[in-house]
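The first residue in the sequence is number 1, and the count goes up from there.
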Amino acid sequence: MIKSQLISNAYFTSKLDLPITALLKEFNIDVFSEMNQTHSNIVKMIKSTGIYNTDAIITSMKALPLVVKTADCMPILMSDEIKVSAVHSGWKGVKNKIFEKTISKFDLNSLKVSIGPYAKDCCYEVKKDVATNFPGSIKNVDNKLFLNLSKNIEKLAQKLNFELEVSNICTICNSDYNSYRKSKTKDRQYGIIWL
């Protein structure tokens, strides 16, 4: 498990970690909120546990963990000390600006963002139809196109001056992580955050 260096109570699991319910019990937490993720750009403010039809949840409730599930997409956790959020973003989420929609609900002066392991541009090959949406985030190697999913967020962090950490772990080439691209697995790892 990886602990965020920027955000208190923010963690990213691997497939070597305990199941999510067992893991949270180690923090004396019995309930959490998660998402029925569909690669949307829907952002929801929540106040109670449940499963929400969205790809970003935000809460200001104390001790209400938010969970994001991934197996190549970016698990994004953020906090401004008053609110926390868990965001699921693959290329569709980046294209549809789910991150930008989510940070609009936060105080940028105290915003901290942590991106966990995801498919990096060493391995994340995309076709031309996807690549055309991300002209500044594509690497061309031997006529193959590779997408840097976090590039837009990194640019925004410089522009808006919020704190950002980005994992250097690629879920495709690191066997400790579930990768849908690599094996079509239904298993996921988790990003977890709470106030």
S.K.: Which residue, Ile51, Thr49, Val67, forms the side chain to side chain contact (heavy atoms under 4.5 Å, CB included) with Ser33?
M.R.: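 Checked Ile51, Thr49, Val67 against Ser33; only one passes side chain to side chain contact (heavy atoms under 4.5 Å, CB included): Thr49.
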S.K.: Does some side-chain heavy atom of Ile76 sit less than 4.5 Å from a side-chain heavy atom of Thr102?
M.R.: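 They are not in contact (no side-chain heavy atoms under 4.5 Å apart), so the answer is no.
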S.K.: Do Lys69's NZ or CZ and the ring of Tyr190 fall within the cation-pi criteria of under 6.0 Å and 45°?
M.R.: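 Judged by the rule, Lys69 and Tyr190 form no cation-pi pair.
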S.K.: Search all heavy atoms of Tyr177 against all heavy atoms of Pro117 and return the closest pair with its distance.
M.R.: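 Between these two residues, the closest heavy atoms are CE2-CG, 3.6 Å.
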S.K.: Do Tyr118 and Lys120 have side-chain N/O donor and acceptor atoms under 3.5 Å apart?
M.R.: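 Yes - a donor-acceptor pair under 3.5 Å links their side chains.
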S.K.: Do Phe27 and Trp194 have ring centres separated by under 6.0 Å?
M.R.: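 Between Phe27 and Trp194, the centre distance is under 6.0 Å.
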S.K.: Does NZ belonging to Lys97 count more than 12 external heavy atoms closer than 6.0 Å?
M.R.: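 12 or below, so no.
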S.K.: Would one find more than 12 heavy atoms of other residues, nucleotides or ligands at under 6.0 Å from atom NZ of Lys3?
M.R.: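 Yes, NZ of Lys3 has more than 12 neighbouring heavy atoms, counting only those of other groups under 6.0 Å.
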S.K.: Other residues, nucleotides and ligands only: do more than 12 of their heavy atoms fall within 6.0 Å of NZ on Lys151?
M.R.: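 No, because the 6.0 Å sphere around NZ of Lys151 holds 12 heavy atoms or fewer from other groups.
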S.K.: Is it the case that atom OH in Tyr180 sees more than 12 heavy atoms from other parts of the structure closer than 6.0 Å?
M.R.: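 No, OH of Tyr180 has 12 or fewer neighbouring heavy atoms, counting only those of other groups under 6.0 Å.
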S.K.: Kindly give the heavy-atom pair with the smallest separation between His88 and Asp55, and that separation in Å.
M.R.: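 The answer is ND1-OD2, 2.6 Å.
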S.K.: Which class fits the ring pair Phe99 and Phe162: parallel under 30°, tilted 30 to 60°, perpendicular over 60°?
M.R.: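 Phe99 vs Phe162 ring planes: tilted.
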S.K.: Taking atom NZ as the centre, does Lys92 end up with more than 12 heavy-atom neighbours from other residues, nucleotides or ligands that are less than 6.0 angstrom away?
M.R.: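 For Lys92, atom NZ is not crowded (no more than 12 foreign heavy atoms under 6.0 Å).
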S.K.: Using side-chain hydrogen bond (donor to acceptor under 3.5 Å, both in side chains) as the criterion, list what pairs up with Asn9, not counting sequence neighbours.
M.R.: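 Checked Asn9 against side-chain hydrogen bond (donor to acceptor under 3.5 Å, both in side chains); zero matches.
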S.K.: Check whether Phe134 forms a cation-pi arrangement with Lys95 (NZ or CZ under 6.0 Å from the six-membered ring centre, at most 45° off the ring normal).
M.R.: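 No, Lys95 does not sit over the ring of Phe134.
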S.K.: Can you check whether Ile98's main-chain N or O pairs, donor with acceptor, with Asn96's side chain at less than 3.5 Å?
M.R.: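 Checking the backbone N and O of Ile98 against the side chain of Asn96, no donor-acceptor pair under 3.5 Å is found.
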S.K.: Tell me whether Lys101 contacts the main-chain N or O of Val43 through its side chain, where contact means a donor paired with an acceptor under 3.5 Å.
M.R.: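 No, because the side chain of Lys101 does not come within donor-acceptor range (under 3.5 Å) of the backbone of Val43.
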S.K.: Determine whether a donor-acceptor pair (N or O, by modelled atom type, separation under 3.5 Å) exists between the side chain of Asp72 and the backbone of Arg181.
M.R.: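 Checking the backbone N and O of Arg181 against the side chain of Asp72, a donor-acceptor pair under 3.5 Å is found.
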